[in-house]
Amino acid sequence: MDNDGVAEILDEIGTLLEIKGENPFKTRAYQNASRTIEGLTEPLSKIIEEDRLKSLKGIGKALQEKVTALVTTGELEYYTNLKESIPPGLIEMLKISGMGPKKIKAINDELGVDTIDGLEAACKGGELAGLSGFGKKTEQKILESLDFLRKFGTKHRIDDALAVAEPILESLRSHPDVIRCSIAGSLRRWKETIGDVDFLVSSTKPANLIDFFTSQPGILNVLAQGGTKASVNMEGGIQADLRVVSDHEFACALAYFTGSKEHNIVMRQRAIERGLRLNEYGLFRSKEETRDPKLRLDCRTEEDIFKELDLTYIPPELREDKGEFQAGEQSKLPELLKWTDLKGSLHNHSNWSDGKQSLEEVAAMADEMGCAYWAITDHSRSSFVANGLDEKRVEEQLIAIEKVNKSYEKDGNAFRLLSGSEVDILSGGKLDFDDDLMAQLDCVVASVHQGFGGSEAEMTKRIIKAAENSYVQTLGHITGRLLLTRDAYKLNQHAVIDACAETGTWIELNASPYRMDMDWRLWHYAREKGVKCVINCDAHRSAHYGFLRLGAGVARKGWLTKKDVVNTLTLKQLQKALLKKRS
DNA sequence: GCCGTTTTCGGCCCGACTGTTTTCAGTCG
């Protein structure tokens with residue numbers, strides 16, 4: 001079993017123990033070990049071979065044995081038995097807001113309820129209110145939460161989250177009692193999917209802002225409302241939380257609520273090592289947990305906090321405890337790409353295949369946005385559901401694109417449509433078009449659109465073969481995942497990256513919020529291998545052009561700089577770069 | 001279950017909010 005598999009099982013053991021009512025510190029020990037393993041950069045098998053497992057943080061004697069069993073045999077009796085002893089319905093109940101391990105255990109012990117449906121029936125029948133610690137409101141809340149979960153699920157894509165967050169942020173910003181405000185949490189870290197939207201505000205009049213927040217348009221219901229914080233459900237099913245602090249607490253609260261949890265743990269640790277104490281209220285000159293203003297260090301901004309902890313400023317996108325501390329200590333953090341560095345997109349569609357706009361409309365929109373170029377890469381013939389183009393129509397489109405470009409030239413406008421194709425990678429790695437045809441196109445993106453069921457070896461070989469074609473500059477959405485909808489097909493992404501390094505092929509960061517593919521966790525590796533990134537909208541209609549901004553955020557999360565991204569080049573530089581693999 | 005020049009026991013992050021209580025337990029982030 002590989003690292004991810006082991007990490008997942010340890011985390012699950014933690015959850016199972018929680019429901020069993022085990023000592024919470026024991027359950028946390030499993031979750032800590034899971035996190036440690038998740039963050040490893042080398043395979044566990046190697047660590048075990050070299051007998052270094054016990055030196056890992058959070059892994060003692062008992063976990064050493066369990067991890068070894070999982071890695072070497074793929075099985076663990078302790079886990080199997082534990083899992084069999086707990087009905088799966090109880091684990092599902094953890095998703096219901098307000099339901100934790102204690103309540104689940106009580107319901108199971110007292111009423112014998114062990115399924116979601118059983119829980120719903122018990123609530124409707126008023127059975128829960130009879131239990132000690134439960135009442136009418138608990139029943140009501142459980143029923144509401146169940147409804148909500150069925151309707152919306154627990155995770156949301158970044159585009160939906162931003163659509164909720166940005167208007168509220170603007171609204172808060174314009175409130176006279178707000179001193180500073182920001183989005184925090186995973187949205188500020190630019191995660192591709194998020195659980196809820198967090199806002200932080202500093203003010204001397206928190207009550208006014210709580211009232212203001214809970215009366216914003218688009219709120220379905222108020223989940224909680226106190227003196228300094230409030231939670232609401234927004235239309236579309238996204239939960240939004242507001243926290244109000246005083247302005248001298250703002251920087252530390254912002255750092256704290258931005259996370260990630262893993263990042264914060266290291267930050268606290270670094271504070272302790274320096275005789276300090278870091279929490280959401282400030283950075284204190286103290287060995288004890290405190291809020292004593294006399295011990296507070298003056299940290300007005302997040303930069304101040306990092307400086308006190310001997311680090312350069314770590315951008316929110318990098319706060320995942322994935323190497324940012326080592327780099328921050330040595331002032332080696334990259335200067336991250338800005339979305340305004342992007343000069344166009346090299347994978348887009350028009351109404352010649354499954355896009356909504358004509359070539360003229362596409363060009364006008366991209367030019368209007370200030371882009372220097374925009375590639376038309378409509379689908380190839382095998383994607384007939386998407387009205388893919390055959391050779392003849394590709395030839396016709398080339399002429400039509402040239403005509404659009406001519407009209408821009410005539411006006412003295414340097415904007416240019418680039419010709420291209422999103423060529424299907426067929427089974428076995430064969431491409432949908434011949435080299436002769438691809439040689440006439442400016443941009444070729446090769447992507448898989450059918451036959452997702454192959455083995456890891458087959459899919460990997462298939463995609464690598466496409467990368468080996470000298471007319472393919474870019475591999476499109478390499479894993480085929482659709483976030484929250486469809487899992488990636490089986491693929492050895494490291495092997496694909498290696499092949500791209502070898503062949504000089506670029507990898508797309510498909511900036512559609514449904515995809516965000518290749519995943520940000522792999523860009524660090526690609527960058528080390530010298531593989532270039534192309535951030536593409538995969539635009540099918542005008543609303544998709546804004547995906548460039550989303551993609552740039554995810555690229556930042558993958559540690560990418562302007563230099564690492566091809567579509568930051570000027571038109572001239574890009575045209576030269578596009579020919580490199582062919583020469 | 002882990003950890004320790006505070007080491008073989010007794011800590012392990014903690015504050016805000018809610019609902020059910022009548023001073024507090026459970027959940028959440």
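Sequence lines set the chain letters: A, B, ... in the order given, protein chains first and strands last, and positions in each chain run from 1. The structure displayed is predicted, hence computed values, not measured ones.
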K.L.:
Check each of A:D519, A:D517, A:D487 against A:R481 using the side chain to side chain donor-acceptor pair (under 3.5 Å) test, and report the only one that passes.
P.N.:
A:D519
K.L.:
Under 4.0 Å between any heavy atoms, over every strand shown, what does A:L56 touch: base, sugar-phosphate, or nothing? Just pick one.
P.N.:
sugar-phosphate
K.L.:
Rounded to whole angstrom units, what separation is found between the NZ atom of A:K57 and the P atom of B:dC3?
P.N.:
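One finds 9 Å between P of B:dC3 and NZ of A:K57, rounded.
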K.L.:
Looking for any heavy atom pair under 4.0 Å, which part of the strands does A:K136 touch: base, sugar-phosphate only, or nothing?
P.N.:
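If one applies the 4.0 Å heavy-atom cut-off, A:K136 turns out to touch the sugar-phosphate alone, with no base involved.
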K.L.:
For the pair made of CG in A:L128 and P in B:dT20, what is the distance, rounded to whole Å?
P.N.:
10 Å
K.L.:
Which is true for A:K261 with a 4.0 Å heavy-atom rule: it touches a base, it touches only sugar-phosphate, or it touches nothing?
P.N.:
nothing
K.L.:
Is any side-chain N or O of A:T138 closer than 4.0 Å to OP1 or OP2 of B:dT20?
P.N.:
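Yes, such a contact exists.
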K.L.:
Pick the C1' atom in B:dT8 and in B:dC3, then give their distance to the nearest Å.
P.N.:
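Roughly 11 Å separates the two C1' atoms.
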K.L.:
Could you tell me how far B:dC12 sits from B:dC17 if I compare only their C1' atoms? Round to whole Å.
P.N.:
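Between the two C1' atoms, the distance is 24 Å.
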K.L.:
I'd like the C1' distance from B:dC24 over to B:dT20, given in whole Å.
P.N.:
9 Å
K.L.:
Between A:E139 (CD) and B:dG19 (P), how many Å, whole number?
P.N.:
14 Å
K.L.:
For A:Y79, I'd like to know if atom OH has over 12 heavy atoms of other residues, nucleotides or ligands within 6.0 Å.
P.N.:
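Count over threshold, so yes.
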K.L.:
Whole-Å distance between B:dG19 P and A:Q140 CD?
P.N.:
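So the two atoms are 11 Å apart, to the nearest Å.
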K.L.:
Give the rounded distance in Å between these two atoms: CZ of A:R35 and C1' of B:dC2.
P.N.:
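It is 13 Å, rounded to the nearest whole Å.
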K.L.:
Quick one: A:M267 CE to B:dC13 C1', roughly how many Å, whole number?
P.N.:
16 Å
K.L.:
Would you find more than 12 non-hydrogen atoms of other residues, nucleotides or ligands less than 6.0 Å from A:E329 atom CD?
P.N.:
yes
K.L.:
Does CD belonging to A:Q326 count more than 12 external heavy atoms closer than 6.0 Å?
P.N.:
no
K.L.:
What string of B, S and - do you get for nucleotides 24-29 of chain B, 5' to 3', when a contact is any protein heavy atom under 4.0 Å?
P.N.:
--SSSS
K.L.:
Within less than 4.0 Å of OP1 or OP2 of B:dC12, is there a side-chain N or O belonging to A:Y30?
P.N.:
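For A:Y30, the contact criterion (side-chain N or O under 4.0 Å from OP1 or OP2 of B:dC12) is not met.
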K.L.:
With a non-hydrogen cut-off below 4.0 angstrom, is A:Q225 in contact with a base, only sugar-phosphate, or nothing?
P.N.:
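Since only primed, P, OP1 and OP2 atoms lie under 4.0 Å of A:Q225, the category is sugar-phosphate.
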K.L.:
Between A:A62 and A:Y281, who's closer to the 5' end of DNA chain B by nearest nucleotide?
P.N.:
A:A62
K.L.:
Would you measure the distance from the C1' atom in B:dC13 across to the matching atom in B:dT27 and give it in whole Å?
P.N.:
15 Å
K.L.:
Taking atom CD of A:E50 as the centre, report whether more than 12 heavy atoms of other residues, nucleotides or ligands fall under 6.0 Å from it.
P.N.:
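Correct, the count exceeds 12.
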K.L.:
So which nucleotide does B:dG10 pair with, by the Watson-Crick or G-U wobble rule with both distances under 3.5 Å?
P.N.:
B:dC3
K.L.:
Regarding A:K66, tell me which of base, sugar-phosphate or nothing describes its non-hydrogen contacts under 4.0 Å with the strands shown.
P.N.:
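Here A:K66 touches the backbone only, sparing every base.
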K.L.:
From the set B:dT18, B:dC17, B:dC2, return the single nucleotide nearest to any side-chain atom of A:T228.
P.N.:
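Closest nucleotide among those given: B:dC17.
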K.L.:
In terms of the angle between their ring planes, are A:F306 and A:H263 parallel, tilted or perpendicular, with boundaries placed at 30° and 60°?
P.N.:
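The arrangement is perpendicular - the two ring planes meet at more than 60°.
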K.L.:
Verify the neighbour count for atom CD of A:E75: are there more than 12 heavy atoms of other residues, nucleotides or ligands below 6.0 Å?
P.N.:
no
K.L.:
If you measure from the C1' atom in B:dT7 to the same atom in B:dA16, how many Å do you get, rounded?
P.N.:
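Rounded to whole Å, the distance is 36 Å.
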K.L.:
Using a distance-only criterion (donor-acceptor N/O pair, under 3.5 Å, no hydrogens), is the base of B:dG1 paired with the side chain of A:N23?
P.N.:
yes
K.L.:
Identify which one of A:E320, A:E317, A:E262, A:E324 satisfies the salt bridge (charged side-chain N to carboxylate O under 4.0 Å, His left out) criterion when paired with A:R189.
P.N.:
A:E320
K.L.:
In whole Å, what separates the C1' atom of B:dT18 from that of B:dT23?
P.N.:
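That atom pair is separated by 15 Å.
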K.L.:
Rounding to a whole Å, what distance do you find between A:Q269:CD and B:dC12:P?
P.N.:
14 Å
K.L.:
Are a donor atom and an acceptor atom from the side chains of A:S246 and A:E249 found within less than 3.5 Å of each other?
P.N.:
yes
K.L.:
Remember a base hit wins even if backbone is also touched, and classify A:G227 as base, sugar-phosphate or nothing at under 4.0 Å, heavy atoms.
P.N.:
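If one applies the 4.0 Å heavy-atom cut-off, A:G227 turns out to touch the sugar-phosphate alone, with no base involved.
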K.L.:
Write down the distance between NZ (A:K61) and P (B:dC3), rounded to a whole number of angstrom.
P.N.:
13 Å
K.L.:
Considering every strand and a 4.0 Å limit on heavy-atom distances, what is the contact class for A:L17: base, sugar-phosphate, or nothing?
P.N.:
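Nothing, no heavy atom under 4.0 Å.
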